[in-house]
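Just follow the structure's listing: the first ligand is 1, and inside any ligand the first atom is 1.
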Amino acid sequence: MKHDDCVFCKIASGEIETDLVFEGESCVAFRDLDPQAPVHLLFIPREHISTLNELHAEKNSALLAELFSGMQQTAENNGISEDGYRVVINCNKRAGQEVFHLHFHLLGGRDLTWPPG
Ligand code: AMP
């Protein structure tokens, strides 16, 4: 169900116009507003799921399959599959979650190891 005050619901429904880099039946992806790497994309379910805690692996299995194949495909399209990329989910405030609509950060295009090397 769409949440009226959720910015990611508005992006998923097209109410906020955004260039989508991936469009699936149950999820979409777009560029992060404040990129932390040359490739920084956000994969979100079309359905409003607030945090990882509300995701049901069995009930949402089709969504999960599409999210992961979408991330693999998009990483490939962006030429970062072989080099390497990182997928991050922040769950709740102490992990730094700012937008309460589940999202997967896909980061790549630079060295993500620490110390860099
Ligand atoms: P998190 O801290 O895991 O909740 O990440 C939220 C991310 O959403 C941040 O990296 C923001 O830069 C990004 N963000 C917030 N609003 C938008 C928006 N309208 N379009 C694209 N990215 C956004």
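- Residue Cys9 comes nearest to His48 through the heavy atom pair SG-ND1, 3.4 Å, listed as atom of the first residue, atom of the second, then distance.
- Using a 4.5 Å cut-off between side-chain heavy atoms of Ile, Leu, Val, Met, Phe, Trp and Tyr, with links allowed through other members, Val99 and Ile11 fall into the same hydrophobic cluster.
- Taking the six-membered ring where the residue is Trp, Phe8 and His103 present perpendicular rings, their angle passing 60° and hence far from 30°.
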Please tabulate, one line per pair, the protein N or O atoms found under 3.5 Å from any N or O atom of ligand 1, giving the distance to one decimal.
from	atom 1	to	atom 2	distance (Å)
ligand 1	2 (O)	Gly96	O	2.8
ligand 1	2 (O)	Glu98	N	3.4
ligand 1	3 (O)	Asn90	ND2	2.9
ligand 1	3 (O)	His103	NE2	2.8
ligand 1	3 (O)	His105	NE2	2.9
ligand 1	4 (O)	Glu98	N	2.6
ligand 1	4 (O)	Val99	N	3.0
ligand 1	4 (O)	His103	NE2	3.0
ligand 1	5 (O)	His103	NE2	3.1
ligand 1	5 (O)	His105	NE2	3.3
ligand 1	10 (O)	Asp32	OD1	3.2
ligand 1	10 (O)	Asp32	OD2	2.6
ligand 1	12 (O)	Asp32	OD1	2.6
ligand 1	22 (N)	Leu33	N	3.1

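- Put simply, the side chain of Phe100 reaches to within 4.5 Å of the side chain of Asn92, judged on heavy atoms.
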For residues 59-75, run the donor-acceptor check on the side chains, cut-off 3.5 Å, and write out each pair with its distance to 0.1 Å, sequence neighbours left out.
from	atom 1	to	atom 2	distance (Å)
Asn60	OD1	His56	N	2.9
Ser61	OG	Glu58	O	3.2
Glu66	OE1	Glu25	N	3.2
Glu66	OE1	Ser26	N	2.6
Glu66	OE1	Ser26	OG	2.5
Glu66	OE1	Cys27	N	3.3
Glu66	OE2	Glu25	N	2.9
Ser69	OG	Ala65	O	3.0
Ser69	OG	Glu66	O	3.4
Thr74	OG1	Gly70	O	2.6

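- At least one side-chain heavy atom of Glu23 sits less than 4.5 Å from a side-chain heavy atom of Arg46.
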